[in-house]
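Chain letters run A, B, ... following the sequence lines, proteins first and then strands; every chain starts at 1. Keep in mind that the numbers below use all heavy atoms, side chains included, and drop hydrogens, waters and symmetry copies.
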Amino acid sequence: MSPSHASSTHGLRRWPILVAVAVVLLGAGVWDHHQGAPAVPGAPADLTSAVPPTGAESSSWYCAGGSGTTGGSANAQIQIADAGAQPVSGTVTVVNQLGATASGTFSVPAGQVGVVDPAAIEPGTWVAASLVADGGAVAVSQSVSGATGWAQAPCASATATSWYFASGSTAAGTDAYLSLFNPTTTTAVADLTFLTDAGPTQPAPFQGLVIGPGQLVVEDLGTYVQAQQDVATTVEVRSGRLVAAQLEVATGTAQGLSLQPGSPSPSDHWAFPATTDVSGATTTFAITNPTSSPEPVTVRVELPSGPVAPFTQTLAPDSAWQLTTSGASRIPVGVAYALQVTSSGGPGVVVARSVSWPTALASPRSGSVAGVPAADEAANGVRTWLLPPPGTASSPAVAGAAPLDVGLVNTGTTDVTVRVSSLNGAVATALAGDEAVLLHPGQAFDVGYSALQATAADTLEVSSSGPLAVMEDLVPSGMAGVVSQAGMPVLP
Amino acid sequence: MTQRGPGAPDAPSTRRRRARRTAAPSGADPFFPVAQPAEDPDAGTAGAPAVVAVLVTRDPGPWLEECLAALGAQDYEELSVLVLVAGGSEDPTPRVAAVLPEAYVRRLDDATSFAAAADEVTSMVEGAAFLLFCHDDCAPAPDAVHVLVEESFRSNAGVVGPKMVRWEDPSVLLHVGMSADKTGAVVERVQEGEVDHGQHDAVRDVFFIPGGFTLVRADLFAELGGFDPAIVAMGEDLDLCWRAQVAGARVVVAPEAVVRHLEALAGGARPVAPPADGSELPSLQGLQRRHELRSVLVCYSLASLLWVLPFAAVLALGELVVALAGRDRARARVLVGAWGWNLGHPRRWRAARGRVRAQRRVKDREVRALQVRGSARLTVFFSRLTHQGLDVAQGRSPAEGDGEQRQVDEGPLLTGSVGLAFSEDADFDELDDLGHRSGRDRFGRRRRRPILGTSTARLVVWLVAVFVLLVGTRGLFGNTLPLVGQFARLPDWSGTWHQFFTGWQATGVGTTAPATPAFAVLGALGTVFLGGMGLTQKVLVLGCVPFGAWGLTRMLRPLASPRARLAAGVAYLGLPLAYNAIAQARWDALVAFAALPWIVGRLARLSALPPFGDVERPPGWRGHPLGQVLVLGVIEAVAVAFAPAVAPAVVLTGLGLVLGSALVGQWRGALRALAGAIGGTVVALVLLAPWVVGTLAAGHQAVGIFGLTTAPWSAPTWSALVRFAVGPTGSSPLGWLLVVAALLPLLIARQSRLAWAARLWSVALLSWLAAWASARGWAAPFSPSVDVLLAPAAVAVAASIGLGVAAFERDLSGYRFGWRQAAGAAAVVLGLAGLLPVVAQAGNSRWGLVANGYAQPLGFLSASTTQGPFRVLWLGDPRALPLGGWSIEPGLAYGTSENGVPDATSTWAPAGSGPASTLADAVELATSGRTSHLGRLLVPASVRYVVVVESLAPTISGIQSSTPYPAPGDLLPALLAQADLRQVPGSGSGFELFANTAYVPQRAGRAAGPVTEGSPGTVSWPTPADTAGWFPEMPGPRNQLSYDGNVGAGTFYAAYAPAGDWSLAVAGRHLAEHPAYGWAAQYTTVAGPAELSFSGSPLVPLGTALEVLAWLVVAAALAGRRWWLDWWWQPLARRRSSGPSAAVATVAAEGDPSPSPSEVQP
């Protein structure tokens, strides 16, 4: 500015305001552009078997997939584990496939386990139950048993608009049933998609299935998806919300029962804390990509001695990868290993493990279990898991039902300390020693049968300082992994 | 036909001539005194190269003799004179013979132009070293030829020219050589009327020698092929010299040689000779422009032409636009004609171009060294634009039909609006000066008033603005405003007053907090409109926009001219803020938009900063600062009643004024503005006392009255805030233009305009920053409405634009020509273009406000009252909710309405939610997965429906879309997971509706026993048993604050808070009230007729009545006769003598000088 200009402003300074304007306008603009707009917070990751925490006003559970008639192939029994310090009570509403509904009540002392027989409330070829508890810290699981064996799986704590089942079979000697239970007051309309070796298929009879409020619909998948060794199923709900569960009844040499609660969404990280390949048995991990984007998948195996070379494959949209680890030379027979599946392409994949042992020894000899959605649990900040027992001492799921082992694997990236305890009344008994177990990232730990032997009817509680995947094997079964149940995460 | 002159029997070849100093027919030259004769008359130029003066004439005027005499008086011995008569009706031979008998005269009937005639010399003259081309209106000094020839040798110049002076006054310079820019536009080297003090008397290279008296080396002339015969007039000199430069010859001006030049052709004393083919010639201006372009096309190399020609075309296009805008058809025709003449007939110049290519010795780069940089015309235009104003730069031609004026127009002055500015006619400056002195120019024409200089012109602009407003608003006149945002239906007139005076509001689950005084304002206005509350609402909504613009022009009154205020007002109307407020259905933003200009104006007056210190103040107490604070407080109170965030916005404005003053170095007076802002706010709060007390009683929730924390994920970006693009209008990049235009006063303003521009920009910056922080929730829960916080920025931007115009008018001329002038012009263009987004949005007819609100898809809810009265729980972003409410978390608020969609009684929720907070607790339980029975938890509040709003209005495919405001992602899944909430089929896009299957009516009875009592202050959730067995009782409509009907024996439940203020009487006997869930009431009843009525404290009605009384007193004081107040005020004022006034005067004296009377144009 020339001197004449300076004088013409009568002592006013022009540059400070110019600097201020430039700094604020440009600085804020650059900062704002750099920061970007915050994303709309999405819904929390779906944990359909999550236990509401202590202090919850109420909690609901939905159990489907079982039968409720004498001589049924998979008669259901519901276990209600109260992990809180207060007794819990509630109502049970049972509906059968014909729409008949009846209700009952339940009451479980603090730290104890209660058992409900749905058939005693409302029998039916197929039954489903809604349980409403008047508090939190209640874990509900369902065991099914029949002539071919038994299985146990967590019930669902929430409905969802989609359900994914990574494995299934309609091959000869295997029947697969899909239970669609609508516990809400809104009619739901669902479409089913099946993914087989021939690609995805949507049979017309399985489109537009109408499930009224409180109703149960059970579909025999083999009716229209016939003789398929590997069938992955997707349930898409057009309107309303549902609970879905898949029951497999194997009647051949590898007879057994499998009860799989569906996964409400794909995930990019799944874990199986403990798997043991047995000579002569077949262990297969079904990794399904139900999304529309390719998914590069990495399967990491952690042996007690350390990791082995991972398995990798890119899954095209609507495709599945059947990884038979029992045939992989890099995994020794008879050694328990942890397995984690990660994907990086998009929404993720869904994963299940199937074990079969065709040799005619103890029954059941085959079973399937969905993986632990490690990413979803980590997203919800889960640090506690509950494992309801297979019934009570007086009402076991099947005779001799008991935990065989509890597998744990650190799914996070930092060390965690883990405590495992059994709950019986007000008493919590530490298992695996009094000291907390330290697990490095990827490291697995197994609580053996000897430690669990005395707590067969107790609820097991696993607490950790970080993300963890929890799964237990149950007996009686032909081998470890036939009857397995994932730990039920407790919401913080 | 050729003939010899009577005294010149021989051809004018190289014959030696004697000096003719004594041959002047009229004795001594009165302008150029004759030097003393040398002792040896032949000693001077003996042996000098021969020079042939080629004098071209046609119907010469009386000046011919003087010219011939001057040639005859040259002291150069070897000078011969060849007179070429280029047609015409007169034979000048006798006149030549009389003065210069030795001159050779030749008549050329075929060559009518100067160039064509002069070119004949090549076939007529042999042996001459130099050719001196002369006009017949030039009178050289006796030594002129001598000097030119000498300089030609000294400088080795091919073309040499003299210093030309005025014919009638040789002390005034005409030309000392000339230059041109790259497009051939001629640039004069001397100023108009510049007196010759020898300041240009250095020999120097010039781009060309103006025609009249040009010495050209004969061989160069022959090589160049002479003048371009296609140039009939105006431009042959430029063309010849340019080609000479290209051929490597120097063109030099030798100022020692002086020539008087009449410029008869350019001066209009003689017409241009018609072409031999009889075609019609354009005006001189047209000839000049087309020949300039021809020279460009001929003289440039192809490489240069590739970029110069587009450049010239762009300039011409711009000039054409300016000419058309200024209705200068002559100028437009000239431009079109010049380009058409050249480009339409390329053969005319292609051959000449080929010759120049063959003669080229010098690259264009070297030739351009003598050209002026940039565009000469553009520079002149902007210079005159900024120094003398747009009207001068774009002066208009006299009206056609005026014979005298037309004659002037058709003359040589190259007049016409842009023509003056764009031409080389320096008379233009004189025109301006004369115009200023006399009001008329030298031709007697009335000097034009400045653009928008008349009130009529400004009125036209205002009418245009109003027209645009009406066009943009036309869709809102006929229909009811949709239920979106804050545009809920007003209750009827009595209901509006009742809402204000009653001691209980139904908001939430009921509260005794006083209602906002906005209802009193609405009721009063509704009274004016004879109870038509719909009309009242529309007048308020739509009237805010022009009211704000009016306030802005009033605000700038002491600071800017009417034209600048008009610009500010139009700019304020051109900002998207108000229209986005309409589109977003924001009462608060509209009220802030209307009120802030008035408030800022009041703050400016309170500051007494120049020039506001000189503003005449009202007499008496109202002129005192305290009186002004009271006025400010009244304005602010009205605004705050509708938009509480105005209060922090006013304080923010005060801070901005202080900050701006500090930045600019003049902060003292600004503290008064801040004090005024605080004082006005205090006054406003006092005037709103009952409502303020009720707000403060809400404790930590009180800040929620200013606005609820919105979702950061749908917050406007910084750039959107700066552009005020917080809605559908202004999101295009054009939205930046008004803001950029507002920067102008910071660049060019001086004195008080600079100071106020700095203050206003500080206000704008603070406003934007505050809005940014609020939008992002950085100060949560203190999150004043973003739209309201932007209002001060809008005022500042628009006012800055007005100041920019004022600075353009007042300050720009004080700077040397440079970037500031360009910035000023750019700001004008940007400001105009910045209005386009709003003008374009006017086509929407509703400013983007949707036609269908939530009343349409959710209207059926009201039919559900047959099953008992109920509440609707609304959840969503605060900006999307069609009612007032309270915050649950950033981006999620809640509110309730009774028996269907809300009306305006729910628009202004009290700050404290009271027991309604249990609704928020219940929703939080659901979203955190801690309940699967949200419906049951909502039972105490009798919530029958839950509406999740995810956009400002329902989205109807193919009909309307609306601004999305997504709710937090966990909300809908949580509601869908509830076992007792049923999603209602047919929920529209943009919202989700859930029915509570566990609902209990607001007034319900059952035979069973009481429900959970709970305790006040703690949350008590109902058990499943609590929700069973209820049926509606006393379902009738509300009769003010009581309900009646029959009740049965058992338990009666009333979902109204506070429970203690309601009573139930059955058969005339009041029943004992028992708490329910800690806040509601339940009664153990017997069957019989019953009445449930409100029996709260009368304090609230009493307080509001006192409030109304206070308003009436203040209104009477401000608007009524003042004598009844002055009886006490004036003695008090006298006792205080001149204290405050003296302070004001002192500060005013410390500030910068007050503007001159012409600067302040009220």
Side-chain angles (χ1 to χ4, degrees), chain A residues 2 4-5 8-21 23-25 28-33 35-44 46-47 50 52-53 55-61 91 130 132-134 136 157-161 183-187 213 239-241 380 491, chain B residues 659-660 662-666 711-715 717-719 722 743 746-747 750-751 754-755 757-758 761-762 765 768-769 772 776 811 814-816 891 922 925 928-933 936-937 966 968-970 972-974 976-983 985 995 997 1021 1023-1024 1152-1153:
Chain A
S2 66
S4 63
H5 295 166
S8 66
T9 56
H10 293 272
L12 301 176
R13 298 180 308 213
R14 192 186 303 273
W15 61 267
I17 183 63
L18 286 172
V19 170
V21 168
V23 167
V24 172
L25 283 183
V30 169
W31 194 89
D32 192 50
H33 181 74
Q35 291 292 110
V40 181
D46 292 326
L47 292 176
E57 185 273 337
S58 63
S59 53
S60 296
W61 292 90
T91 60
S130 294
V132 178
D134 60 0
S157 59
T159 56
T161 57
T184 73
T185 55
T186 305
T187 298
S239 63
R241 296 169 71 87
N380 282 277
L491 293 176
Chain B
L659 177 62
L663 285 174
V664 86
Q666 193 185 58
W713 52 86
S714 55
T717 63
W718 171 256
S719 67
V722 174
L743 288 168
L746 294 183
L747 301 176
R750 292 174 171 174
Q751 301 180 16
L754 172 61
W761 265 97
S762 296
L765 294 179
W768 283 322
L769 288 172
W772 193 32
R776 293 299 180 95
D811 300 329
Y815 293 102
R816 288 192 296 269
L925 277 179
S928 62
R930 293 168 185 256
T931 184
S932 58
H933 292 83
R936 189 175 72 216
L937 307 190
D970 58 353
L972 273 179
L976 289 166
Q978 301 305 309
D980 47 11
L981 289 184
R982 178 175 60 86
Q983 189 175 13
T997 59
W1021 301 122
T1023 65
D1152 55 16

*asked:* Applying side-chain contact (heavy atoms from CB on, under 4.5 Å) to A/L25 and B/L765, what does each step give before you reach the verdict?
replied: CA-CA 8 Å; A/L25 283 183; B/L765 294 179; 4.3 Å; yes
*Heavy-atom distances under 4.5 Å only: say whether B/L769 touches chain A with side chain, backbone, both or neither.*
side chain
*asked:* Under 4.5 Å from any heavy atom of chain A, what part of B/A662 do you find: side chain, backbone, both or neither?
replied: backbone
*Which atoms of B/V722 come close to chain A, meaning under 4.5 Å heavy atom to heavy atom: side chain ones, backbone ones, both, or neither?*
side chain
*Is it the backbone or the side chain of B/A758 that comes under 4.5 Å from a heavy atom of chain A, or both, or neither?*
both
*Within 6.0 angstrom of A/W15 CH2, more than 12 heavy atoms from elsewhere*: no
*For each of A/V132, A/V24, A/L47, tally heavy-atom pairs with chain B at distances under 4.5 Å, and name the one with the top tally.*
A/V24
*Please name the pair of heavy atoms, one in B/S928 and one in A/L491, separated by the smallest distance, quoted to 0.1 Å.*
O-CD1, 4.4 Å
*Close side-chain approach of B/R936 and A/S58, heavy atoms under 4.5 Å*: yes
_Minimal non-hydrogen separation, B/S932 against A/S59, with atom names_ = OG-C, 3.7 Å
*With only heavy atoms counted, which part of B/L976 is less than 4.5 Å from chain A, the side chain, the backbone, both or neither?*
both
*Can you check whether B/L743 reaches A/L18 side chain to side chain, under 4.5 Å on heavy atoms?*
no
*asked:* Please report the interatomic distance CD(A/E57) to OG1(B/T1023), rounded to the nearest 0.5 Å.
replied: 10.0 Å
*Pairwise distance CZ(A/R13) to CG(B/L663) - rounded to 0.5 angstrom*: 7.5 Å
*Using non-hydrogen atoms and a 4.5 Å limit, figure out which bit of B/T717 sits close to chain A: side chain, backbone, both or neither.*
both
*Supply the atom-to-atom distance B/Q978 CD to A/S60 OG, rounded to the nearest 0.5 angstrom.*
8.0 Å
*Is it the backbone or the side chain of B/L937 that comes under 4.5 Å from a heavy atom of chain A, or both, or neither?*
side chain
*Mind checking the OG1-CZ spacing from A/T187 to B/R982? Nearest 0.5 Å is all I need.*
9.0 Å
*Counting distance only, does the side-chain N/O of B/R930 pair as donor-acceptor with the main-chain N or O of A/P52 below 3.5 Å?*
no
*OG1/A/T185 to CG/B/L981 distance, rounded to the nearest 0.5 angstrom?*
7.5 Å
